[in-house]
Amino acid sequence: MDLLEHQAKQLFREVGVPIPIGILSTSPTEAATAASTLGFPVAIKAQIPFGGRGKAGGIKIVDSTEAAESAASEILGSDIKGFSVGSVLVESGVKIAEEFYLAIMVDRGAKVPRVVFSEQGGVDIELLALTSPDMIRSVELDAFVGLRPYHIHQLLDPVGLAELTSAVFKIASRLYELFVSRDCLLVEINPLVKTESGTIVALDAKLTIDDNSRYRQHGLEAFEEELKIPQAELAAGELGLNYVHLEGDIGVIGNGAGLVMATLDLVSDAGGDPANFLDVGGGASAAQVSGGLRIVLGEPGVKAVLINIFGGITRCEEVAQGISNVVDEHNGTLPVPVVVRLAGNGAEEGLKMANALPVETRPTLEEAAKRVVAVSETGGSK
Amino acid sequence: MDLLEHQAKQLFREVGVPIPIGILSTSPTEAATAASTLGFPVAIKAQIPFGGRGKAGGIKIVDSTEAAESAASEILGSDIKGFSVGSVLVESGVKIAEEFYLAIMVDRGAKVPRVVFSEQGGVDIELLALTSPDMIRSVELDAFVGLRPYHIHQLLDPVGLAELTSAVFKIASRLYELFVSRDCLLVEINPLVKTESGTIVALDAKLTIDDNSRYRQHGLEAFEEELKIPQAELAAGELGLNYVHLEGDIGVIGNGAGLVMATLDLVSDAGGDPANFLDVGGGASAAQVSGGLRIVLGEPGVKAVLINIFGGITRCEEVAQGISNVVDEHNGTLPVPVVVRLAGNGAEEGLKMANALPVETRPTLEEAAKRVVAVSETGGSK
Amino acid sequence: MSVLVDASTKVIVQGLTGHEGSFHAQRMIACGTQVVGGVTPGKGGTEEVGLPVFDTVEEAVRKTGASASVIFVPAPFAYDAILEASDSLQTVVCVTEGVPVKDMMIARRLIHQKKVSLVGPNCPGIVCPKAKVNIGIMPESIFTPGPVGVVSRSGTLTYEIVNDLTLEGIGQSTCIGIGGDPIPGTTFIEALAAFESDDDTKAVIMIGEIGGDEEEKAAEFAAENLSKPLVAYIAGFSAPPGKKMGHAGAIVSQGKGTAASKKAVLESKGIPVASTPVGIVKAVRSVLG
Amino acid sequence: MSVLVDASTKVIVQGLTGHEGSFHAQRMIACGTQVVGGVTPGKGGTEEVGLPVFDTVEEAVRKTGASASVIFVPAPFAYDAILEASDSLQTVVCVTEGVPVKDMMIARRLIHQKKVSLVGPNCPGIVCPKAKVNIGIMPESIFTPGPVGVVSRSGTLTYEIVNDLTLEGIGQSTCIGIGGDPIPGTTFIEALAAFESDDDTKAVIMIGEIGGDEEEKAAEFAAENLSKPLVAYIAGFSAPPGKKMGHAGAIVSQGKGTAASKKAVLESKGIPVASTPVGIVKAVRSVLG
């Protein structure tokens with residue numbers, strides 16, 4: 001779960017990481033009022049759950065109420081990388097003396113938390129990592145020990161920032177506290193700013209919460225709602241299914257993330273373009289399969305569907321029953337061609353049931369993938 | 001630092017360990033008022049920083065205001081193992097169904113925290129450990145992991161108390177929180193009581209705070225004041241010296257805990273009876289030595305003093321100067337015979353200075369110890 | 001011989017009294033696995049599917065001599081179950097999915113100190129067809145004894161591939177599903193090291209997917225330390241960046257961990273990479289000679 | 001040969017710019033110790049008593065090749081100093097006294113994983129007269145090279161005994177002051193194990209005191225694992241129970257850890273126990289033959 005800037009900053013405020021004063025606004029009028037309350041200059045910042053908004057025109061610095069209103073009306077409702085901007089953060093301008101980068105993240109490779117610092121903040125850190133890797137310094141942390149002052153000395157002292165270590169440690173240790181208490185995968189400040197008056201402020205904020213921790217991370221419902229998770233994903237989540245929207249026209253349903261990914265790969269290899277990733281998980285019930293098939297059929301532009309099941313705990317009869325339920329809802333038909341491949345646990349019985357339905361069956365994954373691509377172009381044989 | 005029961009219970013309350021309602025009283029009238037406020041029966045409990053008060057008459061259960069007043073007047077001001085009782089805790093009576101023992105302590109041997117449980121509470125746990133060791137169960141904890149539910153299952157389930165594990169875990173995990181956050185060496189509940197209504201309550205409370213952590217343990221000043229640390233120890237502490245009062249008549253001053261202990265042993269071997277342990281520490285200044293000598297001379301009943309210094313960082317001249325200062329304060333004499341042994345760093349110069357003072361010097365520790373015992377009996381030769 | 005477990009391995013089921021636990025306990029027993037008991041705190045002294053239930057792992061181990069456990073408890077209790085298991089056992093298989101990353105950072109740190117092998121979480125388990133040991137949730141019917149070690153981040157994709165191997169007459173020595181989580185208890189490297197010292201294993205199939213760099217690190221490791229032929233399958237060539245594909249670990253982020261980049265690294269170390277089940281069967285047949 | 005350190009050991013001083021740090025750095029150098037620099041965060045790039053000061057241990061090690069450090073920082077910073085040192089060094093001597101027990105429980109746990117030797121806290125250090133290495137605060141003048149290894153929980157009592165040894169013509173191989181705290185980085189057992197594998201050590205003196213059971217455990221260990229003769233001194237025969245004698249560790253509590261009980265256990269393992277400096281010198285002379 002990637003938080004919006006103002007959401008992340010709300011968590012920053014709770015642990016005492018200094019941030020500029022800001023007011024969230026959802027209309028140009030609100031933004032104008034907020035701006036005049038704060039005094040000028042102010043920054044008007046699009047609230048989107050990913051980076052790169054600066055380049056995309058999502059941040060404007062303005063000097064008057066009128067300019068604030070017009071900037072907000074430009075940004076609000078605009079589309080940034082497919083995300084419709086629903087709110088802006090109106091934030092007091094900060095006189096920047098220096099910009100740094102500070103983050104704490106899960107290092108998957110080393111399997112420990114890592115603290116990352118760069119004396120060059122406010123830029124695309126991925127790009128910086130490619131162009132000037134020596135400007136990014138990091139230290140592995142021990143989850144048992146956490147962040148200690150010497151880690152920050154190791155990061156700052158060699159680049160001549162020794163006099164900032166105590167101020168940065170204070171912020172970094174609060175970030176670490178947040179990282180741990182909120183089950184974060186990433187907490188990032190880019191830029192971390194030294195102001196002209198010498199104080200250190202988090203100008204931006206990025207925070208990713210581990211989805212697996214949602215059962216113990218309370219009070220995030222409002223954040224989640226604001227994040228506007230697509231309807232299909234929400235519906236799938238409620239059924240215990242894992243749905244990811246893709247850009248193509250062939251619906252793909254399978255059991256197990258790896259197998260669904262492999263199925264997507266084979267559809268692509270066959271020249272098709274998958275419309276989604278839908279994993280019904282282990283031991284799916286007929287109801288779950290029906291629900292998943294309904295979601296995929298409900299997505300606009302889907303021309304054909306491939307259902308690929310290798311029964312382990314999942315029973316193929318159950319899957320066939322799930323398909324059958326949807327066929328019944330459509331009065332004995334299906335709106336687009338559906339190719340089914342069943343193997344493993346209950347395959348024989350499942351295939352018998354499937355062959356009585358308006359679907360095509362294929363014995364292997366390769367053949368099924370090829371067939372679904374073919375029928376997505378022709379409309380199928382049934 | 002061993003807290004009084006009501007002090008420990010104040011910390012228990014802060015972390016949510018359930019305790020009976022109680023009111024601290026320092027006079028019989030206060031105790032009577034407290035008792036009638038709480039309703040009967042109440043327990044009147046002497047506040048002393050060590051165990052065994054039950055046997056010593058320090059706890060009385062009473063059923064009326066008059067009985068409360070008379071019990072309090074008996075206990076208050078009484079002497080329990082040399083400690084003059086200054087306050088009583090008046091506590092609501094609890095209907096006891098079962099009594100257990102629960103503690104978390106530093107296990108010096110294993111060098112980890114250990115959680116200890118017995119299904120037999122309310123008794124002398126040391127004695128129980130000797131007579132029925134199998135009734136005391138304990139689990140080593142990992143400081144990185146802390147207390148987990150399965151540890152409590154390991155302690156309670158085998159003795160048929162599985163249905164209490166969740167209630168006991170709740171209390172034990174708060175005790176552990178206290179253990180860690182307050183730098184405790186011991187947190188003990190004896191007895192931990194299951195009441196007739198089935199709730200679990202800490203009837204007594206014992207808590208030892210690591211003295212080394214005092215720099216980061218705040219808000220304990222009032223506790224410390226109430227604990228009435230002897231004047232000599234306080235004075236020594238302020239000078240950075242380590243003073244322990246003993247029962248004999250020969251004052252002993254040295255540098256380094258081990259060496260002072262060895263000196264005490266040799267004085268004892270020679271038939272003497274040390275009046276104190278006083279360690280001036282490493283690199284003591286003349287002022288510290290003077291201060292230490294003044295404290296020892298100020299203790300009633302001291303008949304002679306042995307000063308034994310092996311100069312490492314400590315310089316013997318500095319020690320001699322410290323003695324000299326005290327001699328000056330006594331107009332060129334000392335109130336009791338003082339035997340001095342100086343060796344190591346600056347011994348030659350120090351001995352030269354000491355030999356000009358009204359003290360006897362001896363070259364070895366053995367000889368010095370024998371001499372101080374002799375002069376304590378005869379009054380010395382000078 | 002085999003990897004992590006053998007014919008003498010006695011297994012307890014943590015969470016035996018739950019739906020999943022009891023179902024798979026019966027299934028494992030039917031496969032020939034020596035399941036000797038289960039643990040459910042507070043239910044000690046009872047019986048479940050004919051097996052004794054204990055309150056704690058410590059007691060279960062003391063009374064049954066088990067050396068391995070399989071965990072079926074819900075995600076919020078998995079951390080505790082792993083820690084408790086690691087106090088008393090040598091091999092721990094955690095089937096539970098949805099374990100927070102923070103829990104696994106700490107658990108992995110601990111089990112490594114204790115020299116415990118943890119497989120999972122979010123994994124299908126371990127199967128050794130020759131020893132008739134099946135710990136976890138993998139369907140027994142698809143396996144047959146043979147020379148190929150299989151290690152995989154995926155569940156059903158593994159079944160698909162193992163099934164194809166078996167149909168083609170290529171048996172398996174041990175199959176380890178290490179799970180798709182970002183911080184697994186056992187990594188590819190650790191599994192490859194185990195296969196290296198297993199006499200029954202003549203070649204190894206590594207089934208990887210997008211995300212992380214464990215496949216790349218395994219390739220480096222194999223180039224230096226694995227004397228047996230290794231072939232790989234990578235799933236997720238068609239996955240777009242920034243989308244998490246089911247597994248918490250299966251995400252291409254920041255341009256790293258793509259299937260193409262993994263393939264390039266593996267091939268640079270001489271490891272053939274397939275992207276279809278047919279392809280991987282062909283590849284392993286060719287290295288078996 | 002020697003224990004923990006040798007003639008090639010390069011040492012940095014953590015807290016070099018403090019009063020104690022700079023004083024003892026000079027003293028250690030005067031003894032012949034290779035002190036190569038110091039660490040004081042924020043003072044990197046400066047010089048102190050002719051030595052370069054670095055901001056971090058990592059940098060100091062990188063630039064000087066040090067393998068050991070001695071810590072003179074105030075107690076509230078000792079935990080950090082130990083952790084930082086244990087990331088980069090093999091031997092760490094912590095002179096600082098007053099380190100909380102909780103810090104040491106964690107630090108000891110960590111250094112053990114990292115195979116770092118921590119001596120102290122609240123200790124006088126390590127002296128190896130033959131190698132001219134003196135790390136800590138022990139006065140060089142009392143030592144002379146020879147066959148006796150000394151390990152002690154006490155500071156000045158050690159000087160007293162070492163001085164007597166030297167006066168009697170009995171030299172020392174290595175002297176390790178493990179410190180008087182309840183949770184030391186190095187215990188008697190660990191020191192005895194080091195002496196066992198040190199060719200220069202022909203006999204060992206263990207100087208213990210009341211409190212804890214490290215002397216008893218060391219006796220058990222020595223009976224099984226130490227081929228060299230061991231003699232012991234125990235301080236605190238006259239200490240009353242319940243009173244803490246200066247050292248946080250020197251307390252007789254709950255009837256355990258008395259000098260008499262320690263003596264009984266040691267003697268039952270055949271280890272002679274003295275309670276006077278004269279006695280210990282006699283004892284070691286007799287075992288040296």
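Residue numbers begin at 1 in each chain, while the letters A, B, ... track the order of the sequences.
Of the listed residues C:Ser152, C:Ala235, C:Gly98, the one with more heavy-atom pairs under 4.5 angstrom with chain A than any other is C:Gly98. Of the residues considered (A:Thr263, A:Ile309, A:Leu264), A:Leu264 shows the highest number of contacts with chain C, using heavy-atom pairs under 4.5 Å. Most heavy-atom pairs under 4.5 Å with chain A, from the set C:Arg27, C:Glu214, C:Glu97, C:Glu20: that is C:Glu214.
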**Candidate pair A:Met105 and A:Val187, rule side-chain contact (heavy atoms from CB on, under 4.5 Å), full reasoning** = CA-CA 6 Å; A:Met105 59 185 68; A:Val187 194; over 6 Å; no
**Asked** For A:Leu241 and A:Leu278, what are the C-alpha separation, side-chain angles and deciding distance, and is it a side-chain contact (heavy atoms from CB on, under 4.5 Å)?
**Response** CA-CA 7 Å; A:Leu241 313 175; A:Leu278 198 158; 4.2 Å; yes
**Request:** Tell me, with the steps shown, if C:Lys102 and A:Val180 meet side-chain contact (heavy atoms from CB on, under 4.5 Å).
**Result:** CA-CA 7 Å; C:Lys102 183 171 73 184; A:Val180 172; 3.9 Å; yes
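Between C:Phe72 and C:His24, the ring planes lie parallel to each other; the angle is under 30°, not in the 30° to 60° tilted range.
Taking CG of A:Leu175 as the reference point, atom SG of A:Cys184 lies at 9.0 Å (rounded to 0.5 Å). Interatomic distance, CD1 of A:Ile313 versus CD1 of C:Ile137, reported as 3.5 Å (0.5 Å rounding). Atom SG of C:Cys175 is separated from atom CZ of C:Phe143 by 4.0 Å, given to the nearest 0.5 angstrom.
The contact between A:Asp269 and chain C is made entirely by side chain atoms (from C-beta outward), counting heavy-atom distances below 4.5 Å. When heavy atoms are compared at a cutoff of 4.5 Å, A:Ser268 approaches chain C solely by way of its side chain, counted from C-beta outward. Only the backbone of C:Ile234 comes within contact range of chain A, with heavy atoms under 4.5 Å apart. Neither the backbone nor the side chain of C:Ser141 comes within contact range of chain A; no heavy atoms are under 4.5 Å apart. Neither the backbone nor the side chain of A:Val267 comes within contact range of chain C; no heavy atoms are under 4.5 Å apart. Neither the backbone nor the side chain of A:Ala343 comes within less than 4.5 Å of any heavy atom in chain C. Heavy atoms closer than 4.5 Å to chain C are found nowhere in A:Asn345, neither backbone nor side chain. When heavy atoms are compared at a cutoff of 4.5 Å, A:Phe179 approaches chain C solely by way of its side chain, counted from C-beta outward. Residue C:Thr187 touches chain A through its side chain alone, counting heavy-atom pairs closer than 4.5 Å. Looking at C:Val99, the atoms closer than 4.5 Å to chain A (heavy atoms on both sides) all sit in the backbone: N, CA, C or O. Heavy atoms of A:Arg182 lying under 4.5 Å from chain C are absent altogether. The part of A:Leu246 that comes within reach of chain C is its side chain, from C-beta onward, which places non-hydrogen atoms under 4.5 angstrom from that chain. The contact between C:Pro139 and chain A is made entirely by side chain atoms (from C-beta outward), counting heavy-atom distances below 4.5 Å.
A donor and an acceptor atom, one from each side chain of A:Asn255 and C:Thr156, are nowhere located under 3.5 Å apart. A:Tyr101 and A:Glu188 form a side-chain donor-acceptor contact under 3.5 Å, judged by distance and modelled atom types alone. With no hydrogens or angles considered, no side-chain donor-acceptor pair links A:His245 and A:Glu233 at under 3.5 Å. For the residue pair C:Thr33 / C:Asn134, no side-chain donor-acceptor distance below 3.5 Å is found, with atom types taken as modelled. No donor-acceptor contact under 3.5 angstrom links the side chains of C:Ser154 and C:Glu160, judged on distance only. Side-chain contact check for A:Asn308 and A:Arg341: at least one donor-acceptor pair (N or O, by modelled atom type) lies under 3.5 Å.
Residue A:Lys111 places its NZ atom among more than 12 non-hydrogen atoms of other residues, nucleotides or ligands, all under 6.0 Å distant.
Interface residues of residues 104-115 of chain C toward chain A, defined by a heavy-atom distance below 4.5 Å and sorted by number: C:Met105, C:Ile106, C:Arg108, C:Arg109, C:Leu110, C:Gln113.
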